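These numbers were taken from a predicted model, which means no experiment stands behind them.
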Amino acid sequence: MTDTHDRREQRIEKLNQLRELAVDPYPPRVERTHTAAEALAAFDPEQEQGPHVQVGGRVVAVRVMGRTTFAHIADDSGRLQIYLRKNELGEESYDRFVKLIDIGDFISAEGALFRTRTGEITVQVQGWEVLAKTLRPLPEKWHGLRDVETRYRQRYLDLIANEDTRRVFQIRSRLISAIRRFLDERGFLEVETPVLQPIYGGAAARPFTTYHNALDQTFYLRIADELYLKRLIVGGFDRVYEIGHNFRNEGISTQHNPEFTTIELYQAYADYEDMMRLVETLYAELARQVMGQETIPFQGQEIDLTPPWRRVTMHDAILETSGVDIEEHRDQESLQAAARAQGIDLPRQPNWGKLVEKLFEMTVEPSLIQPTFVIDYPIEISPLAKKKPDAPHLVERFEFFIGTLECGNAFTELNDPLDQRERFVEQSRYAAQGDAEAHPLDEDFLIALEHGMPPTGGLGFGIDRTVMLFADQASIREVILFPALRQRSEASLLTESNV
RNA sequence: GAGCCGUUAGCUCAGUGGUAGAGCCCCUGCCUUUUAAGCAGGUUGUCGUGGGUUCGACCCCCACACGGCUCACCA
């Protein structure tokens, strides 16, 4: 018999006592005239007494002083103090509150607003009711809830106990709204494309595999939206975007969750230069709307999102940081040797482009604090982007980095169907050589392209990482309400729930 | 998948090879403007799980579970 069990039984006993008093501990509805914030706003500071209000919320603090009691209730809008007096409520109602209401219970209370001696606007309670009796205690009030595992597994407790957690997810919501507003105002159409796909594509990643019984067919959970959105550009929707979950069957880290939220957008008659302008304009706008200024703090740094952002080619960035000139070393052996000469040990990769990417990640990425567009990527790691006309081993692609986070990816989309087919074929050669993330050939997509796609700029960026940036969080789990965790065994759950 | 660290009361945390602790929470009493209310008294427990060493293990050893960080993979 554990302490929790005792406490739970104590509360069930209180629940039963309420029922014996003919009180429904879970009434189906409640009258409410004001939220906590509305009640506070309704009080005229010039007056001694405010209007009569009826409010509801969770009891978060109780101070019993004999025949008088102060308590705080909280709803989504904030906290509000209530004041109960035995001589005004009557002995029965007053004692019922003191004896049968616990911190955590939901109640409603009605009465006139007044200001206490210390100046706090408070409801002088004339009547109150139980809205929902709780059976388990809330986390402690001083230190709140710190245990990271409990915070993730029982996020509701985290939200109750930690105001900062509420703030993070409010920022998340406001960011997503602001992104939608920004794109809607510019004529983008929000669309939804399949999550279950017969062929995955649009990124380099391992998929989750599932199975549809009626169709007797394997499906993959999408790793990107790209190929379906481009089909819509073929179809004549010139500006489309989708916000949704992607799924990648890979490692979990402070920057990776197996399911994560991205936005992808495509704009016909645009190129990657247009996408760069769109990104920097959007992020500055988000900063203004959500944070009130274009400079934001992130992990101890001041990040200035004011456009224009720095642009640097991958070639120049690597040369500046590591002293290795990738254009002088266009095969793996040579590039590995050049890197080694600078004291950088590069592991063998499936191709030159991947080796360049590796070199970039090891040397340049950790230095990219202020917003930076890194442009012109190797073709081998960019099978869906258009070649640079004057350098066919590179493509018109950029990624942008803020606070060393890789935030997003964009290119001038490849709309030449025969080139696209060759790229897919090249990818299948990498796959045959053991590249597990090589892009599979999508014949259906090629047929779409053969019907004609206008010149198009495309962009994708991680919503979660954007939230990390704006909410100043170091771990992606802090910006996902229920991050992926290993399942607890049934036995351990039962032990902990004590029922 | 690998390395390191962590797991003690409902919560936040101390702790020692020799009878498990503190604060908050909770329970009882007093208290009619408190707000970390106060005062007096009281109860917390499979010390993550399972083995082993030992006269004796919360402590030492091994395995396992879960989590965190770093690395690998990736966005």
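- Counting any heavy atom pair closer than 4.0 Å across all strands shown, A:E437 reaches sugar-phosphate atoms only and no base atom.
- Screening residues 46-61 of chain A for side chain to side chain donor-acceptor pair (under 3.5 Å), with sequence neighbours left out, gives A:H52-A:E110.
- With sequence neighbours excluded, the residues satisfying side chain to side chain donor-acceptor pair (under 3.5 Å) with A:R153 are A:E149.
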What are the atom names and distances for every N/O pair under 3.5 Å that joins the protein to nucleotides 26-33 of chain B?
unit_1	atom_1	unit_2	atom_2	d
B:C26	O2'	A:Q10	OE1	3.0
B:C27	OP1	A:K14	NZ	2.7
B:C31	N3	A:G66	N	3.0
B:C31	N4	A:G66	N	3.2
B:U32	OP1	A:R67	NH2	3.0
B:U32	OP2	A:R67	N	3.4
B:U32	O2	A:R85	NE	3.3
B:U32	O2	A:R85	NH1	3.3
B:U32	O2	A:R85	NH2	2.8
B:U33	O2'	A:R117	NE	2.9
B:U33	O2'	A:R117	NH1	2.9
B:U33	O2'	A:R117	NH2	3.4
B:U33	O2	A:R117	N	2.7

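- Partners of A:T262 under the side chain to side chain donor-acceptor pair (under 3.5 Å) rule, at least two apart in sequence or in another chain, are A:N246.
- Identified under the salt bridge (Lys or Arg N to Asp or Glu O under 4.0 Å) test for residues 458-468 of chain A, with sequence neighbours left out: A:R172-A:D464.
- Nearest approach of A:E396 to A:F411, heavy atoms of both residues: O-CB, 3.0 Å.
- With 3.5 Å as the limit, one finds no donor-acceptor pair spanning the side chains of A:D225 and A:Y241.
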Would you tabulate the pairs of protein nitrogen or oxygen atoms and nucleotide nitrogen or oxygen atoms of nucleotides 69-71 of chain B closer than 3.5 angstrom?
unit_1	atom_1	unit_2	atom_2	d
B:C69	OP2	A:R477	NH1	2.7

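- Taking the ring pair (Phe, Tyr, Trp, His ring centres under 6.0 Å) definition, one finds that A:F260 meets it with nothing, sequence neighbours left out.
- Remark: of the listed residues A:F401, A:W309, A:Y272, A:W309 is the sole one forming a ring pair (Phe, Tyr, Trp, His ring centres under 6.0 Å) with A:F373.
- Of all the residues in residues 350-373 of chain A, A:K354, A:K358 reach under 4.0 Å from RNA chain B with at least one non-hydrogen atom.
- A:Q124 contributes no side-chain N or O that, together with a main-chain N or O of A:T122, makes up a donor-acceptor pair within less than 3.5 Å.
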Secondary structure of RNA chain B in dot-bracket form (Watson-Crick or G-U wobble, distances below 3.5 Å, | marking inter-strand pairs): (((((((..((((....[..)))).(((((.......))))).....(((((..]....))))))))))))....
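- Dashed line: the shortest gap from a side-chain N or O of A:R146 to OP1 or OP2 of B:C11 is not under 4.0 Å.
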Sequence neighbours excluded and cut-off under 3.5 Å, please list the side-chain donor-acceptor pairs for residues 65-74 of chain A, or say none.
unit_1	atom_1	unit_2	atom_2	d
A:T68	OG1	A:Y83	OH	3.1
A:T68	OG1	A:L84	O	3.3
A:T69	OG1	A:Y94	OH	2.7
A:H72	ND1	A:R63	NH2	3.4
A:H72	NE2	A:E120	OE2	2.7

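- Shown here are the side chain to side chain donor-acceptor pair (under 3.5 Å) partners of A:R79, two or more places apart in sequence or in another chain: there are none.
- Contact annotation for A:L405: no contact, since no heavy-atom pair falls under 4.0 Å across all strands.
- If you check distances only, the side chain of A:E149 never reaches the base of B:U7 with a donor-acceptor pair under 3.5 Å.
- In terms of the salt bridge (charged side-chain N to carboxylate O under 4.0 Å, His left out) criterion, residue partners of A:E163 (sequence neighbours excluded) are, by chain and number, A:R166.
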